[in-house]
Amino acid sequence: MKNELAVSPSPSVEEIEMDLLLEGIYRQYGFDFRNYALSSLRRRIMNFARNERASTISALQDRILHDRSWLDRFLFALSVNVSAIFRDPAFYLAFRKEVVPMLRTYPFIRIWLAGVSMGEEVYSLAILLEEEGIYDRCRIYATDINEPVLKKAKEGIYPLELMQTYTSNYMKAGGLQSFSRYYTAAYDRAIFKASLRDNVVFAQHNLATDASFNEFHVILCRNVMIYFNRELQGHVHHLLYESLVMFGILGVGAKETLRFSPHEQAYDEIDKAAKLYRRVA
Amino acid sequence: MMSFQIITIGTSLGGFYALKTLLGVLPQNFPLPVAVVQHRSAEESDIFAPLLASHLQLPVLEVEDKQEIEGGRIYVCPANYHLLVERSHFALSTDAPVLHARPAIDVLFESAADSFGEGVVGILLTGMSRDGSAGLRKIKEKGGYTVVQDPTTAEGRTMPQSAISSMAVDRILSIDEIGPFILELCAGQRGAA
């Protein structure tokens, strides 16, 4: 089976078009999607082409390469993940129990949330840290590849209809208060308290091409690398490793592994199910 | 004879019983990988795979991102992710739900068709959604083989009926017949290394 699979059939026209589009975007604008996971990227590109009424990927390429505003729309379509406040409550519960006690020993805590998309994780973590009484000592760096997405994250506005689920998530995540104190309802939207952003720096950063920019005590990169192929995952893991202090904490998504990290051996597992690791070498 | 490389199955309401019946027929030396999307709630814990495994001879694994695809294994999609097939491994995504579902059957079927073309067998079972029809059409378009559960034997008729109304599926079978048919269809395959 493995051997059969290793022999790729000749690429379809669609695959050739995708390669050309990604190569073009890289050479024209510097955004490198060439090592994204083919299957999910294809889906996103095809959805984008359909929504923009482009008949082929080549037609899309014509627009994107000649008009920067099309690139921005493309980037937006490629960088939106549909997450939730306190997605995977068990992760946050483990973070409270296992990680917060370690963080209490630091006078000042730098946290990097890599690939925050619409910002759900930013507010989740800020709430958790505030309740644990250490938010004032924290500086959270929330980064994403896409500026317009970051702007959305910064606004902290979510559909009101989601608050029921978010409240349930919050309780399961070990929430200590009434969840409604963290947002204001206005019409059909919920706006999160601005003070939750007091210690958050929103910044554009491309995991595929940008370098490390600080040393952190905690790095969370959850459900971001699932969009990358193994090679790019390895590259990003190296970047994260380099950006962690000794004994720093790394958190990845519930269905991700460190198998494709060149530094797998440098981490101790803190919580298996929550995918929380500690750098020990 | 066609050489199949992967079996993909989608189901929703009533799926557990249907999967247990269908997959229970497959022997330990079944050569192909089987990828399964079962609709379920985002909050569900990880008990689905071990529960299903307790009824089957083949090992059941809940997919982790970029996990290798190997024959003789049943791979189930984790709750709250989409499951996609690449050529040698799986990928997960947290893209928007499709037809209100994440995981969505269309996402599995379409990505399998893109990666394996005529090497895909697509099986759509019981459910009260229209998810799966578009994906099954794509499998057929790319030369794969399509099987749909006979709606009269399904707890949820909408899903198989939706596919049957929108395309010419290769086989419509009762849930008891699908397992043996798949065995026959894949007999003589060399299978996993």
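Chain naming here is simple, since letters A, B, ... match the order of the sequence lines and numbering starts at 1 in each.
The contact between D46(B) and chain A is made entirely by side chain atoms (from C-beta outward), counting heavy-atom distances below 4.5 Å. Heavy atoms of A273(A) lying under 4.5 Å from chain B are absent altogether. With a 4.5 Å cut-off on non-hydrogen atoms, T165(A) touches chain B through its side chain but not through its backbone. Proximity to chain B (any heavy atom under 4.5 Å) is restricted, for T257(A), to the side chain, taken from C-beta onward. Interface residue V63(B): only backbone heavy atoms are found under 4.5 Å from chain A.
Considering every non-hydrogen atom in both S40(A) and E86(B), the closest pair reads N-OE2, 4.3 Å.
Counting heavy-atom pairs under 4.5 Å between each of T94(B), V85(B), L92(B), L84(B) and chain A puts T94(B) at the top. Counting heavy-atom pairs closer than 4.5 Å to chain A, the top-ranked of the candidates E110(B), R102(B), E62(B) is R102(B). If you tally non-hydrogen atom pairs under 4.5 Å between each of S111(B), A91(B), S93(B) and chain A, the highest count goes to S93(B).
Put simply, the side chain of R259(A) never gets that close to the backbone of K66(B): no donor and acceptor are under 3.5 Å apart.
Put simply, CG on L38(A) and CG on D114(B) are 8.0 Å apart, with the number rounded to the nearest 0.5 Å. Expressed to the nearest 0.5 Å, how far CD of E15(A) lies from OG of S115(B) amounts to 7.5 Å. Rounding to the nearest 0.5 Å places CG of D65(B) at 6.0 Å from CD of E256(A).
Relative to the six-membered ring of Y81(B), R87(A) meets both conditions, a distance below 6.0 Å and an angle of at most 45° to the axis.
E14(A) and K142(B) are not joined by a salt bridge, as no carboxylate oxygen comes within less than 4.0 angstrom of a charged side-chain nitrogen. Electrostatic pairing of R43(A) and D95(B) does not count as a salt bridge here, judged by no charged N lying under 4.0 Å from a carboxylate O.
For R189(A), the CZ atom counts as loosely surrounded, since its 6.0 Å shell holds 12 or fewer non-hydrogen atoms of other residues, nucleotides or ligands.
Annotation: residues 223-232 of chain A contacts chain B through N223(A), M225(A), I226(A), Y227(A), F228(A), N229(A), R230(A) [non-hydrogen atoms, separation under 4.5 Å].
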